[in-house]
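Take a look at the structure set out below.
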Amino acid sequence: MLRYPRYIYTAKTLYSDTGELIVEELLLNGKMTMSAVVKKVADRLTETMEDGKTMDYAEVSNTFMRLADTHFVQRCPMVPATENSDPGPPPPAPTLVINEKDMYLVPKLSLIGKGKRRRSSEDDAAGEPKAKRPKHTTDNKEPIPDDGIYWQANLDRFHQHFRDQAIVSAVANRMDQTSSEIVRTMLRVSEVTTPSGAPFTQPLSSHEIFRSLPVGYNIAKQVLDQYLTLLADDPLEFVGKSGDSGGGMYVINLHKALGSLATATLESVVQERFGSRCARIFRLVLQKKHLEQKQVEDFAMIPAKEAKDMLYKMLSENFISLQEIPKTPDHAPSRTFYLYTVSILSAARMLLHRCYKSIANLIERRQFETKENKRLLEKSQRVEAIIASMQATGAEEAQLQEIEEMITAPERQQLETLKRNVNKLDASEIQVDETIFLLESYIESTMKR
């Protein structure tokens, strides 16, 4: 649920306000029929428009189809139709099934009409608001093709989009904007054909990538090939070459990319927590795989006492681990190699656990702040409601000023502090959740492998 704002914002970025409201309605209700979503969203958009303007059902319906085409919304699985010939007892819970082909198949609906407000203003003289009557008539016509076909937000597809965005920004930071645009194009072309848990995207030829680049992005075919070669030769291996046909076949190595992002997150945490010298040791152990204490001191060029202190500090926090290799069966310390190593997977799990604790603490703190100032918040809401109702009835400025003065200066200052604190806590929750998402994606990808 922490990611709901991110899902809604993504839909707004890709499919404007209409997409935003469709995803919001599906998330709030869990599941809805397409006709119900279209009508609700059209009504909500009409209410925010200027007088005389309305939102057409067909326009909302088109956005819904685009969301289904790009797999951001999907059909809910249903209980299969069973015959009564089965003599055994019914299962404790029904098995929900859905045909893979029908998952994103939008039913053919002829939704004719516009948002609520315009219909209600057509004839004020009628006893019953006109908004309801056309709605009932369309409702009576519609249920046949749409009834029982429920839709939900496809959270896996949103997670895939977040992962792609993280990969694109990582390439932009490492190389340049053109490289990130090429990687974005490759991800966009194969976003629907690549399953969310796949280690690679579908192979794309350089000709396909060239044709799919955004309109107006002036880059010659020769320059594109040079960029693709550079990306494929990069030690991080975000882009891999899978063949030479069609001018070269390229894939995005999703598993390697997630591994690099998780490693960068761990390095960043070590640097913030223990300082740059510890980060140097951490990167060194990561690069060399296994090192003895003396080797760490020599390679990192840090005095023995400091290096030992830093290694033990990171060891106690589970960022690095110690591997014992005995020369003799008795495990005598004098005849045993002690090698420091970094297990990215176990370090990521440990950090993920800490992130969960941080999120829990942030939520607790936000609830405590709100509870402590409950009386003041309620008073502020009451005053705002009174001012809004008086403005609607056309009250004078002096009267409004008088009502506003019900909240004293110290109370106003307290409200400002509360607002600032809650906003800071909210922003922190979102930032921690980004780290959680990266670590979860990496662990899931590694386990599937």
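Bear in mind the structure is a predicted one, so any value in this text is a computation, not a measurement.
- Within a 6.0 Å radius of OH in Y9, no more than 12 heavy atoms belonging to other residues, nucleotides or ligands are found.
- No side-chain donor-acceptor contact under 3.5 Å links K241 and T229.
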Worksheet entry | Steps toward side chain to side chain contact (heavy atoms under 4.5 Å, CB included) verdict (R157, Q74) | CA-CA 10 Å; R157 180 66 186 82; Q74 64 182 19; over 6 Å; no

Worksheet item: Does the pair L231 and S179 meet the rule for a side chain to side chain contact (heavy atoms under 4.5 Å, CB included), with working shown?
Response: CA-CA 8 Å; L231 283 162; S179 306; 4.2 Å; yes

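- Using a distance-only test at 3.5 Å, with no hydrogens or angles considered, a donor-acceptor pair links the side chain of E208 to the main chain of S205.
- In this structure, the side chains of K12 and D17 come closer than 4.5 Å at one or more pairs of heavy atoms.
- Of the options R365, Q367, K371, a side-chain hydrogen bond (donor to acceptor under 3.5 Å, both in side chains) to E369 is made by R365 and by none of the others.
- Between F162 and Y7 the shortest side-chain heavy-atom distance falls below 4.5 Å.
- By the 4.5 Å heavy-atom criterion applied to side chains, T18 and L45 are counted as neighbours.
- Using a 4.0 Å cut-off between charged nitrogen and carboxylate oxygen, E181 and R184 count as a salt-bridge pair.
- Side-chain contact, Y15 with T70: a donor N or O sits under 3.5 Å from an acceptor N or O.
- L254 places none of its side-chain heavy atoms less than 4.5 Å from the side chain of P199.
- Residue A166 comes nearest to L261 through the heavy atom pair CB-CD1, 4.0 Å, listed as atom of the first residue, atom of the second, then distance.
- Summarising the geometry, atom CG belonging to L26 is positioned 11.0 Å from atom CG belonging to N154; distances are rounded to the nearest 0.5 Å.
- Considering every non-hydrogen atom in both L439 and C355, the closest pair reads CD1-SG, 4.4 Å.
- No salt bridge links R44 with E20; every basic N to acidic carboxylate O contact stays at or beyond 4.0 Å.
- The salt bridge (Lys or Arg N to Asp or Glu O under 4.0 Å) contacts involving residues 431-441 comprise R3-D433, R3-E440, where partners must be two or more places apart or lie in separate chains.
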Fill in: F319 vs V269, side chain to side chain contact (heavy atoms under 4.5 Å, CB included): CA-CA, chis, key distance, verdict
CA-CA 10 Å; F319 282 100; V269 170; 3.8 Å; yes

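- In terms of heavy atoms, I386 sits closest to S389 at O-OG, 2.8 Å.
- For the residue pair A11 and G19, the shortest heavy atom distance occurs at CB-O, 3.6 Å.
- Side-chain atoms of L228 and Y250, non-hydrogen and from C-beta on, do get closer than 4.5 Å to each other.
- Counting heavy atoms from C-beta on, the side chains of V38 and M34 come closer than 4.5 Å.
- Considering only heavy atoms from C-beta on, F238 stays 4.5 Å or farther from N253 through its side chain.
- Although no hydrogens or angles enter the test, the distance criterion places a donor-acceptor pair under 3.5 Å between the side chain of S169 and the main chain of Q165.
- Here the shortest heavy-atom pairing between Q177 and A172 reads OE1-CB, 4.5 Å.
- With sequence neighbours excluded, the residues forming a side chain to side chain contact (heavy atoms under 4.5 Å, CB included) with S358 are V432, listed by chain and number.
- Judged by a 6.0 Å distance limit and a 45° cone about the ring axis, R75 is not positioned over the six-membered ring of Y150.
- Side chains of H161 and T10: no donor on one and acceptor on the other come within 3.5 Å.
- Contact record, V239 with M186: CG1-CE, 4.3 Å, taken as the closest heavy-atom pair.
- Residue I359 holds its CD1 atom at 4.5 Å from CD1 of I436, rounded to the nearest 0.5 Å.
- For the ring-ring contact (aromatic ring centres under 6.0 Å, His included) with F72, the lone residue among F158, W151, F64 that qualifies is F158.
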Practice prompt. Applying side chain to side chain contact (heavy atoms under 4.5 Å, CB included), run through M249 and L204 and close with a yes or a no.
Written response: CA-CA 5 Å; M249 300 294 283; L204 293 169; over 6 Å; no

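- Taken to the nearest 0.5 Å, the CG atom of L155 stands 8.0 Å off from the CD atom of Q152.
- How far CD of Q414 is from CG of L377: 9.0 Å, rounded to the nearest 0.5 Å.
- Atoms CG and NZ, on N29 and K40 in that order, are 5.5 Å from each other to the nearest 0.5 Å.
- Ring centroid separation for the pair F282 and F274 does not come in under the 6.0 Å cut-off.
- Contact check on K221 versus D225 returns a salt bridge, with a Lys/Arg side-chain nitrogen under 4.0 Å from an Asp/Glu carboxylate oxygen.
- A donor-acceptor pair under 3.5 Å is absent between the side-chain atoms of S380 and the main chain of L376, judged by distance alone.
- I252 contributes atom CD1, which lies 10.0 Å from atom CZ of R163 (distance to the nearest 0.5 angstrom).
- Taking the side chain as every heavy atom from C-beta outward, T201 and L187 approach each other to under 4.5 Å.
- With hydrogens and angles disregarded, no donor-acceptor distance shorter than 3.5 Å links the side chain of S445 to the backbone of S441.
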